[in-house]
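When reading the values below, keep in mind they use all heavy atoms of this one structure, side chains included, and skip hydrogens, waters and symmetry mates. For this chain, numbers begin at 1 and follow the sequence in order.
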Amino acid sequence: MQSANGSDKHEKLIIIGSGPAGYTAAIYAARAELKPLMFSGLQPGGQLMITTDVENYPGYPEAVMGPEMMEDFRKQAERFGTRIKYELITKVDLKAQPKVLTTDSGETYTADAVIISTGATAKWLGIEAEQTYANRGVSACAVCDGFFFKGQEVAIVGAGDTAAEEALYLSKLASTVHMLVRRDEMRASKIMQKRVMNTPNIKIYWNTEAYDLSGDPKVEKVHIRNNRTGEESEIAVGGFFVAIGHKPNTEIFAGQLDMDEAGYIINQPGSSRTNIEGVFVSGDAADKVYRQAVTAAGTGCMAALDAERWLAAYEAEQEEAGVEARA
């Protein structure tokens, strides 16, 4: 089918991004005969591709490796007819109708409707050891991985509400939580600070930065430095959590979609609709609160259902307009 701008690469529905949100949207959209085309992005499967055991997703009683679970999602989406291109969308014009999308190879596609499932990326400290010990004691999600460190001592880096929440969560599982705060105060709300400070097994280190990790084969020690005195020391830990925030992968939509100050796409309450007709958002690109695979999958379902209903109304309008034009 040829689009209004002359492109022969026109689709009824394009999904940008994969992961639990994108794949779930694809499953629902494909079963609704929308014949979705998915652009998987740079990391097909999203953040779960760098996650080891997933124990908190329903349906996997014996746990499952993150990449294995995403492979299951992909196969299910393709089973119903989803087409997947392992390319990156680098430019969009969502205000046009049909919407115009350009890939990193320079190809242009148009679509009547678009579902955004580009996710978010955890912010890291930037030390080499974070990559060395990925899935071997280093994590950016206490809710996801805290259970694996039950009864152990762990360290967490951060000073905002997220770090405080994750430190409190870990305190229920770990024997001691060593909280490393870069300044002499926390950015977290007063009530969160009070909760942290009133938790006996959370030990706060002020003016402290982690500069290295060591251990074989997993994390055994975090090496810290007091940025006021320069004094260096180490703490024996089994887990190292980084809670300095997430960055939504939404840069290419800036100036077109409504976003909050952090770049998360704003959806209409109770739906996946954005401020642009025919554009829907799911997963961590809009969720800065829960950031779980199961919640991302749920919003993927919502986006597909919303898109299906919107497309039905849109196609009815187009057909009616065509009849009137012929008359």
Legend entry - Minimum heavy-atom distance between Gly283 and Thr299, given as atom pair plus value: N-OG1, 2.8 Å
Legend entry - Residue pair Ala159 / Val181: nearest heavy atoms and the distance that separates them: CB-CG1, 3.8 Å
Legend entry - All pairs passing ring-ring contact (aromatic ring centres under 6.0 Å, His included) where residues 232-265 contributes a residue, at least two apart: Phe149-Phe241
Legend entry - Non-hydrogen side-chain atoms of Val143 and Glu165 separated by less than 4.5 Å: no
Legend entry - Donor-acceptor contact present, side-chain Asp184 to main-chain Asn207, <3.5 Å: no
Legend entry - Interatomic spacing from OG in Ser271 to CZ in Arg309 - rounded to 0.5 Å: 10.5 Å
Inset, instruction - Answer yes if Met302 and Phe73 sit in the same cluster of Ile, Leu, Val, Met, Phe, Trp and Tyr residues linked by side chain heavy atoms under 4.5 Å apart, and no otherwise. - result: no
Inset, instruction - Report yes or no: does Glu166 contribute a side-chain atom to a donor-acceptor pair with the main-chain N or O of Ala142 at less than 3.5 Å? - result: yes
Legend entry - Spacing of CD1 belonging to Ile204 relative to CD belonging to Gln193, to within rounding of 0.5 Å: 8.0 Å
Inset, instruction - May I ask you to decide whether Glu232 forms a salt bridge with Arg225, counting only side-chain N to carboxylate O separations under 4.0 Å? - result: yes
Inset, instruction - Can you run down the disulfide (SG to SG under 2.5 Å) pairs that involve residues 265-322, sequence neighbours left out, and say none if there aren't any? - result: none
Inset, instruction - Specify the closest pair of heavy atoms between Ala210 and Leu180, including all atoms of both residues, with the distance to one decimal. - result: CB-CD1, 4.0 Å
Legend entry - same_hphob_cluster(Tyr211, Val219) at 4.5 Å side-chain heavy-atom cutoff: no
Inset, instruction - Please check if the side chain of Thr208 supplies one atom and the backbone of Trp206 the other of a donor-acceptor pair under 3.5 Å. - result: yes
Legend entry - Steps toward salt bridge (charged side-chain N to carboxylate O under 4.0 Å, His left out) verdict (Glu78, Lys75): CA-CA 5 Å; Glu78 289 186 325; Lys75 288 177 180 176; over 6 Å; no
Inset, instruction - Looking only at non-hydrogen atoms, find the nearest pair between Pro20 and Leu48 and report the distance. - result: CG-CD1, 3.6 Å
Inset, instruction - Report the distance from atom CD of Gln152 to atom CG of Leu170, rounding to the nearest 0.5 Å. - result: 11.5 Å
Inset, instruction - Kindly indicate, with the supporting measurements, whether the criterion side chain to side chain donor-acceptor pair (under 3.5 Å) is fulfilled by Ser175 and Asn201. - result: CA-CA 7 Å; Ser175 57; Asn201 65 333; over 6 Å; no
Inset, instruction - Dump the intermediate steps for side chain to side chain contact (heavy atoms under 4.5 Å, CB included) on Trp124 and Gln131, then the final yes or no. - result: CA-CA 10 Å; Trp124 297 96; Gln131 293 185 356; over 6 Å; no
Inset, instruction - Supply the atom-to-atom distance Leu101 CG to Lys91 NZ, rounded to the nearest 0.5 angstrom. - result: 11.5 Å
Legend entry - Test item: Asn226 side-chain N/O and Glu231 main-chain N/O as donor-acceptor pair under 3.5 Å: no
Legend entry - Inter-residue atom distance Tyr23.OH - Asp72.CG, 0.5 Å rounding: 11.0 Å
Legend entry - All pairs passing disulfide (SG to SG under 2.5 Å) where residues 115-167 contributes a residue, at least two apart: Cys141-Cys144
Legend entry - Check: Glu315 and Lys12 side chains under 4.5 Å, non-hydrogen atoms: yes
Legend entry - Heavy-atom donor-acceptor pair, Thr82 side chain to Ala30 backbone, under 3.5 Å: no
Legend entry - Hphob cluster co-occupancy, Tyr28 + Ile15, side-chain heavy atoms under 4.5 angstrom: no
Legend entry - Closest heavy-atom pair and its distance - Ala26, Met38: CB-CE, 3.9 Å
Inset, instruction - Please say whether more than 12 non-hydrogen atoms of neighbouring residues, nucleotides or ligands are located less than 6.0 Å from CZ in Arg83. - result: yes
Legend entry - Over 12 foreign heavy atoms within 6.0 Å of CZ, Arg273: yes
Legend entry - Side-chain donor/acceptor of Glu308 to backbone N/O of Leu34, under 3.5 Å: no
Legend entry - Audit row: Tyr109, Leu37, side chain to side chain contact (heavy atoms under 4.5 Å, CB included) steps and yes/no: CA-CA 10 Å; Tyr109 292 77; Leu37 175 64; 4.0 Å; yes
Inset, instruction - Give a yes or no on this: more than 12 heavy atoms of other residues, nucleotides or ligands lie within 6.0 Å of atom CZ of Phe147. - result: no
Inset, instruction - For residues Val177 and Ala167, report the shortest heavy-atom separation together with the two atoms involved. - result: CG2-O, 4.0 Å
Legend entry - Val279 and Ile116, any side-chain heavy atoms less than 4.5 Å apart: yes
Inset, instruction - May I ask you to test the His10-Asp112 pair for a side-chain heavy-atom distance under 4.5 Å? - result: yes
Legend entry - Heavy-atom side-chain contact between Ile115 and Val281 under 4.5 Å: no
Inset, instruction - Supply the atom-to-atom distance Ile16 CD1 to Ser282 OG, rounded to the nearest 0.5 angstrom. - result: 10.5 Å
Inset, instruction - Applying side-chain hydrogen bond (donor to acceptor under 3.5 Å, both in side chains) between Ser214 and each of Glu234, Glu220, Lys221, His223, report the one that passes. - result: His223
Legend entry - Linked, directly or transitively: Leu173 and Leu168 (ILVMFWY side chains, under 4.5 Å): no
Legend entry - Side-chain donor/acceptor of Ser272 to backbone N/O of Phe280, under 3.5 Å: no
Legend entry - Any Glu107 side-chain heavy atom under 4.5 Å of Glu87 side chain: yes
Inset, instruction - State yes or no: do Phe80 and Leu13 share one hydrophobic cluster built from I, L, V, M, F, W and Y residues joined by side-chain heavy-atom distances below 4.5 Å, directly or via other members? - result: no
Inset, instruction - Tell me yes or no: between the side chains of Asn227 and Glu209, is some donor less than 3.5 Å from an acceptor? - result: yes
Legend entry - Check: Ser189 main-chain N/O paired with Asp161 side-chain donor or acceptor under 3.5 Å: yes
Inset, instruction - Could you please spell out the steps behind the side chain to side chain contact (heavy atoms under 4.5 Å, CB included) verdict for Lys123 and Val242? - result: CA-CA 8 Å; Lys123 294 180 182 178; Val242 180; over 6 Å; no
Inset, instruction - Taking the side chain as every heavy atom from C-beta outward, state whether Thr250 and Leu257 have any pair of such atoms under 4.5 Å apart. - result: no
Legend entry - side chain to side chain contact (heavy atoms under 4.5 Å, CB included) evaluation trace for Ile156 with Tyr169: CA-CA 11 Å; Ile156 184 167; Tyr169 180 85; over 6 Å; no
Inset, instruction - Determine yes or no for a side-chain-to-main-chain donor-acceptor pair under 3.5 angstrom, with Asn275 supplying the side chain and Asp258 the backbone. - result: yes
Legend entry - His178 and Tyr205 aromatic ring geometry - parallel, tilted or perpendicular at 30°/60° bounds: tilted
Legend entry - Side chain proximity check, Lys85 to Thr103, heavy atoms < 4.5 angstrom: no
Legend entry - Expected output: side-chain Gln292 to main-chain Asn56 donor-acceptor under 3.5 Å: no
